[in-house]
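Numbering of ligands and ligand atoms starts at 1, following listing order. For this chain, numbers begin at 1 and follow the sequence in order. Given the structure is predicted, the values throughout are model-derived calculations rather than measurements.
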Amino acid sequence: MRTILVIGIGAGDPDYLTLQAIKALNRVDVFFVPDKGAEKAALKHLRTTICERFVERQELRMVAIEVPQRASSGCYQHNVDHWHAELADRYGHQFEQHLAEGEVGGLLVWGDPALYDSTLRIIERLRAKGLALDYEVIPGISSVQVLAAKHRITLNQIGEPVLLTTGRKLAKGFPSDAGSVVVMLDGTQTFAQLSDPHLEIFWGAYLGTPDEILIAGHLAAVKDEIVTVRQEARERHGWIMDIYLLRRCDPR
Ligand SMILES: C[S@@+](CC[C@H](N)C(=O)[O-])C[C@H]1O[C@@H](n2cnc3c(N)ncnc32)[C@H](O)[C@@H]1O
């Protein structure tokens, strides 16, 4: 049986790697490295630093997996499903080619594998198709945790829930029954369209990296600043990863 270790490497700073993740890295025979567009440079840098710092063996076996573009027109769910099927084929092919029976493959996942990441779904697809594969998941520090830590806030208000969602979903409006909402994967600055005067925002970009930017305040007061800063940073670096918490201010 082949084994795949899905290792959460934290969202940005190599110091976020857990002791469990370091032990897992040192069990890996072959690292499978998805090659994907926008976040590529940051991910590549973090991965290289992590391997240099924490992997003890001298000869690293690395196998690239080319990530196809996801179709952007038409039905979103259908496109994602089709994309996952294509990815599963590519992963499966590389596992069969490069991982011998009894060997351990490693997949380094940005942040935590349980949050807006398709790796586990792809592995489940491969198993459903009959590939004999065992796998383990090593949790990582997600961008959500880093956002809260950097702003020194709790995500929830006392006894209240927190909603984790995407920019696409927020575009339908701030959920009427939610006190606190964490928004990820927002390429269009959806927060800037919200006009509720009681919202506050805690925004962070490039968290955990030397380029980190943090802005917080009443949404109405800081949203233009965030839009400008975000745009300038995106142009300067050629890519951006940002996340934010929106919450209703305490009326008192
Ligand atoms: C595909 S999701 C992956 C999330 C990841 N699995 C995690 O645990 O954070 C990518 C989104 O996570 C957020 N994100 C991840 N790392 C970040 C970072 N270092 N700074 C700001 N946002 C980040 C952004 O919203 C980005 O669009």
Return the orientation label for the Phe95 and Tyr91 ring planes: parallel under 30°, perpendicular over 60°, tilted otherwise. perpendicular
Check Tyr206 against ligand 1 and report side chain, backbone, both or neither, counting heavy atoms closer than 4.0 Å. backbone
Atom CZ of residue position Arg234 - does it have more than 12 heavy atoms of other residues, nucleotides or ligands inside 6.0 Å? no
Relative to Phe31, does Arg61 satisfy both conditions: NZ or CZ under 6.0 angstrom from the six-membered ring centre, and within 45 degrees of the ring's axis? no
Test of proximity, Asp117 against ligand 1: N or O pairs below 3.5 Å: no
Would Val109 count as being in polar contact with ligand 1, using the rule that some N or O on each side must be under 3.5 angstrom apart?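 No, there is no polar N/O contact under 3.5 Å.
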Salt bridge present between Arg121 and Glu124 (N-O < 4.0 angstrom): no
Taking only heavy atoms of [X] into account, list the atoms of ligand 1 that are under 4.0 Å away from them.
| X | answer |
| --- | --- |
| Gly111 | 7 (C), 8 (O) |
| Ser142 | 7 (C), 8 (O), 9 (O) |
| Tyr116 | 1 (C), 2 (S), 3 (C) |

Does the side chain to side chain contact (heavy atoms under 4.5 Å, CB included) test come out yes or no for Tyr206 and Trp239, once each step is laid out? CA-CA 10 Å; Tyr206 314 103; Trp239 65 281; 3.7 Å; yes
Does at least one non-hydrogen atom of Ser143 fall below 4.0 angstrom from an atom of ligand 1?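 The answer is yes: ligand 1 sits under 4.0 Å from a heavy atom of Ser143.
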Restricting to heavy atoms, the pick from Leu207, Asp242, Val182 nearest atom 25 (O) of ligand 1 would be Asp242
Leu60 and its side chain to side chain contact (heavy atoms under 4.5 Å, CB included) partner, picked from Asp29, Val55, Val30: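 Going through the options one by one, the only one that passes is Val55.
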